[in-house]
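The next block holds one structure in the form of structure tokens; read it before the comments.
To find a chain, count down the sequence lines: A is the first, B the second, and so on, and within it residues start at 1. Just so it is clear, the model here is predicted, and its values are computed rather than measured.
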Protein chains: 4
Amino acid sequence: MATDATAKMGRPRSERARRAVLHAADDLLVDVGYAAMTMKGIAERAGVGRQTVYRWWTTKAEILLEAIIDDVEEELTTPALPDAVDDLLTYVRALSEFLMTSPAGLAYRALVGEAQHDPAVRDLVHAADLLGASARTVLDRVRPVAPAMPSPKLAAAQVVGPVVYRMLTAPAEFSHEELREHVRHLLTSWSS
Amino acid sequence: MATDATAKMGRPRSERARRAVLHAADDLLVDVGYAAMTMKGIAERAGVGRQTVYRWWTTKAEILLEAIIDDVEEELTTPALPDAVDDLLTYVRALSEFLMTSPAGLAYRALVGEAQHDPAVRDLVHAADLLGASARTVLDRVRPVAPAMPSPKLAAAQVVGPVVYRMLTAPAEFSHEELREHVRHLLTSWSS
Amino acid sequence: MATDATAKMGRPRSERARRAVLHAADDLLVDVGYAAMTMKGIAERAGVGRQTVYRWWTTKAEILLEAIIDDVEEELTTPALPDAVDDLLTYVRALSEFLMTSPAGLAYRALVGEAQHDPAVRDLVHAADLLGASARTVLDRVRPVAPAMPSPKLAAAQVVGPVVYRMLTAPAEFSHEELREHVRHLLTSWSS
Amino acid sequence: MATDATAKMGRPRSERARRAVLHAADDLLVDVGYAAMTMKGIAERAGVGRQTVYRWWTTKAEILLEAIIDDVEEELTTPALPDAVDDLLTYVRALSEFLMTSPAGLAYRALVGEAQHDPAVRDLVHAADLLGASARTVLDRVRPVAPAMPSPKLAAAQVVGPVVYRMLTAPAEFSHEELREHVRHLLTSWSS
DNA sequence: ATCTAACCGAGACGGTACGTCACGTCTTACA
DNA sequence: TGTAAGACGTGACGTACCGTCTCGGTTAGAT
């Protein structure tokens with residue numbers, strides 16, 4: 001019986017170390033903020049060698065992305081509601097809440113910020129399209145009552161863009177009333 | 001005539017040094033990118049002492065903001081056009097072009113990015129509201145034919161947000177056709 | 001026939017691995033020098049696991065000592081000559097040549113150097129007394145014509161010490177003429 | 001009056017930092033030994049930035065050499081004595097004491113050891129010729145009664161070499177009696 | 001015509017994170 | 001059990017930049 005030529009050799013990767021690094025990154029982001037987070041700090045907080053961190057990730061952004069990618073999807077999953085306005089409104093409220101309050105939202109903002117500085121992170125963030133999947137899901141649900149909805153990408157940008165822009169450039173998020181008006185305008189312009 | 005008690009004494013600030021620093025920051029951003037820009041590098045490129053930089057600015061973001069603030073306003077000033085669709089479309093096209101191509105747009109993205117990492121920069125960027133003034137100008141022009149336009153802040157976010165969101169999270173900007181459709185939807189939802 | 005209770009169990013030590021390590025150490029010393037030699041590098045050059053090296057040796061000095069100990073003895077064995085001056089002179093010339101030129105001499109110098117830094121290596125080098133055996137041999141041969149020769153240890157130091165000192169602290173070895181004069185003085189002082 | 005073109009600019013070198021580094025190196029050598037001494041450790045012990053150490057020295061050997069070079073000369077200066085045997089004997093005893101006991105002697109051994117590993121250190125040590133000056137001084141004093149003394153370099157090697165060789169390769173130094181015999185043989189061979 | 005205070009350039013200072021390297025140990029699969 | 005492979009936690013390497021400091025020298029208004 002032939003030996004599998006592709007069999008892995010040597011000591012296998014430690015799942016314990018991997019989890020410790022991801023948790024440490026999450027914790028540090030909340031504790032000290034993205035700017036003060038360092039690869040050194042993550043390794044120390046995780047109780048892991050520095051080389052082990054560099055072996056599997058190249059930047060703190062990469063670690064953070066892996067750490068939060070599941071959380072983002074989960075936090076932006078909203079229930080299907082019979083009324084389209086309610087459905088979409090629940091989503092944009094969850095989005096606004098996520099961006100301004102949730103630790104994962106904090107990480108999302110940090111990652112989008114870093115993407116503007118580092119081309120490698122930019123590619124990662126573009127590829128991950130963290131908000132895209134959840135937006136597509138809710139848009140698919142309201143499409144039956146929005147016959148004039150534009151292409152999925154533009155429609156998603158119309159829903160999500162104003163909320164994200166507000167988060168990026170203003171100290172406070174939109175009020176619930178403003179979000180309701182935003183959703184109302186979207187559905188109006190998509191209805192005929 | 002009495003001496004002004006608040007008169008400045010000593011050698012006055014060197015305008016030459018100030019300009020050299022702002023230009024050096026601009027140049028470095030294009031040459032090496034925001035992440036690789038350093039206070040040390042700016043001082044050296046400007047042919048200026050390090051202390052002189054620290055005396056007047058505390059971060060590279062502050063320098064960059066001062067360096068580009070006039071350019072942004074200028075590049076986003078579009079001519080008033082008789083047709084509202086044309087007027088708004090010209091603006092969003094200028095905005096898209098600015099964000100993806102212009103050196104000042106590169107700086108804008110870097111500043112918004114840094115604002116997600118550093119609270120002090122965040123306050124600066126919020127206070128500057130770099131895109132807000134130009135958006136308000138064009139919205140004031142189309143308001144007569146858009147009676148249902150929401151509050152200025154929400155309306156501005158609806159115009160600008162999707163374009164900025166696209167720039168932040170996707171590798172390519174919206175096409176001219178997508179921007180036209182975006183503007184058409186906006187004016188539709190604001191018309192009744 | 002019964003199995004010997006003291007027989008070794010498990011896989012026996014690989015002679016192939018042992019030789020590969022010793023040769024790798026020798027080669028690396030010449031190629032990259034003692035300082036740049038590492039246990040990791042030796043293992044890789046030998047095509048041997050890192051653990052295998054650590055199982056049988058604790059330092060690179062120990063490996064090097066085992067690698068060269070036979071060569072030293074061989075290179076410093078000089079033929080007995082009828083004239084005492086010739087006999088001793090042939091020896092000190094071989095010694096000088098060994099120290100400045102031979103790969104084994106390079107290793108000897110590296111080991112003596114390391115002995116000044118690491119007490120464990122110091123003990124090894126003292127115990128090995130690499131030059132001592134050959135010096136004793138030649139001194140035994142000239143003793144009949146050197147009745148005032150002091151104790152073997154001092155006599156050996158008088159022969160070998162100046163040559164080694166020269167190698168340690170000066171860029172070039174003694175010339176043949178200087179070595180001849182050295183030997184002449186030694187035999188003069190030992191003759192009466 | 002013209003400004004001096006060669007005038008030093010910027011903050012001048014801190015003499016305080018220089019001394020602190022030299023003392024720290026000295027202390028660390030005694031406390032932890034040469035092998036365990038690190039540039040990092042020296043900087044920390046000196047209360048000095050790491051860059052400051054690297055700015056002025058490239059290796060720990062260079063620091064150590066600067067730290068001990070004055071001490072060596074001082075410790076090996078012996079008084080002129082009327083009898084040549086006494087004069088030379090006092091010197092070789094001081095040398096033996098220096099090599100086996102003195103902190104500066106410890107450093108000397110470490111430096112000679114490192115010189116066998118690192119060509120840059122080798123050049124430094126050769127250039128410094130730490131033992132040479134003191135040997136020349138004492139040889140000049142005994143020369144009147146040693147007409148057959150060979151060239152200064154060989155004579156110095158004959159005096160110093162055996163003592164250094166002993167120190168390098170044996171656990172204990174020569175006894176006072178052995179040193180006396182050594183000196184007696186030297187003067188005998190140089191006398192006619 | 002000095003005086004004096006704040007500016008200017010240069011560059012060394014004490015720190016600290018960077019990314020790499022080798023250490024010596026461990027955990028696999030295979031022989 | 002020995003072996004080759006390779007990940008593990010540790011810690012020094014030499015570099016870069018941080019923000020501060022200390023020089024000599026400049027430039028104005030106030031005396």
Item checked: Nearest to side-chain heavy atoms of B:Arg11, which nucleotide of E:dG9, F:dT26, E:dG11 -> F:dT26
Validation row: [X], [Y] side chains within 4.5 angstrom (heavy atoms):
{"X": "B:Ile68", "Y": "B:Leu29", "answer": "no"}
{"X": "A:Leu22", "Y": "A:Trp57", "answer": "yes"}
{"X": "B:Arg109", "Y": "B:Tyr34", "answer": "no"}

Separation of atom [atom1] in [X] from atom [atom2] in [N], rounded to whole Å:
{"X": "C:Glu44", "N": "F:dA7", "atom1": "CD", "atom2": "P", "answer": "12 Å"}
{"X": "D:Ile42", "N": "F:dA12", "atom1": "CD1", "atom2": "P", "answer": "12 Å"}
{"X": "A:Lys40", "N": "E:dT16", "atom1": "NZ", "atom2": "P", "answer": "8 Å"}
{"X": "C:Met37", "N": "E:dC23", "atom1": "CE", "atom2": "C1'", "answer": "15 Å"}
{"X": "A:Glu15", "N": "F:dC8", "atom1": "CD", "atom2": "C1'", "answer": "15 Å"}
{"X": "D:Met9", "N": "F:dG24", "atom1": "CE", "atom2": "C1'", "answer": "8 Å"}
{"X": "D:Met39", "N": "F:dC13", "atom1": "CE", "atom2": "P", "answer": "7 Å"}

Checklist line | Residue mapping more 5' on DNA chain F - nearest nucleotide basis, C:Ala17 or A:Pro12 | finding: C:Ala17
Expected output: side-chain [X] to main-chain [Y] donor-acceptor under 3.5 Å:
{"X": "B:His23", "Y": "B:Ala46", "result": "no"}
{"X": "A:His117", "Y": "B:Gly33", "result": "no"}
{"X": "B:Glu66", "Y": "B:Glu62", "result": "no"}

Check: Does B:Arg13 CZ have over 12 foreign heavy atoms under 6.0 Å away?
Finding: yes
Next item on the list: Go through residues 46-63 of chain A and report each residue with a non-hydrogen atom lying under 4.0 Å from DNA chain E, sorted by number.
Entry: A:Arg50, A:Gln51, A:Tyr54
Next item on the list: List in numerical order all residues of residues 117-125 of chain C for which some heavy atom is under 4.0 Å away from an atom belonging to DNA chain E.
Entry: none
Margin query: B:Arg55: which residues meet the side-chain contact (heavy atoms from CB on, under 4.5 Å) condition with it, sequence neighbours left out?
Written below: B:Gln51, B:Thr52
Note to self: Does A:Arg18 qualify as a cation-pi partner of A:Trp56, given the criterion of NZ or CZ under 6.0 Å from the six-membered ring centre and within 45 degrees of its axis?
What the structure shows: no
Check: Under 4.0 Å between a side-chain N or O of D:Arg16 and OP1 or OP2 of E:dG14?
Finding: yes
Next item on the list: Kindly say whether, by distance alone, the side chain of B:Arg13 makes a donor-acceptor pair under 3.5 Å with the base of E:dC7?
Entry: no
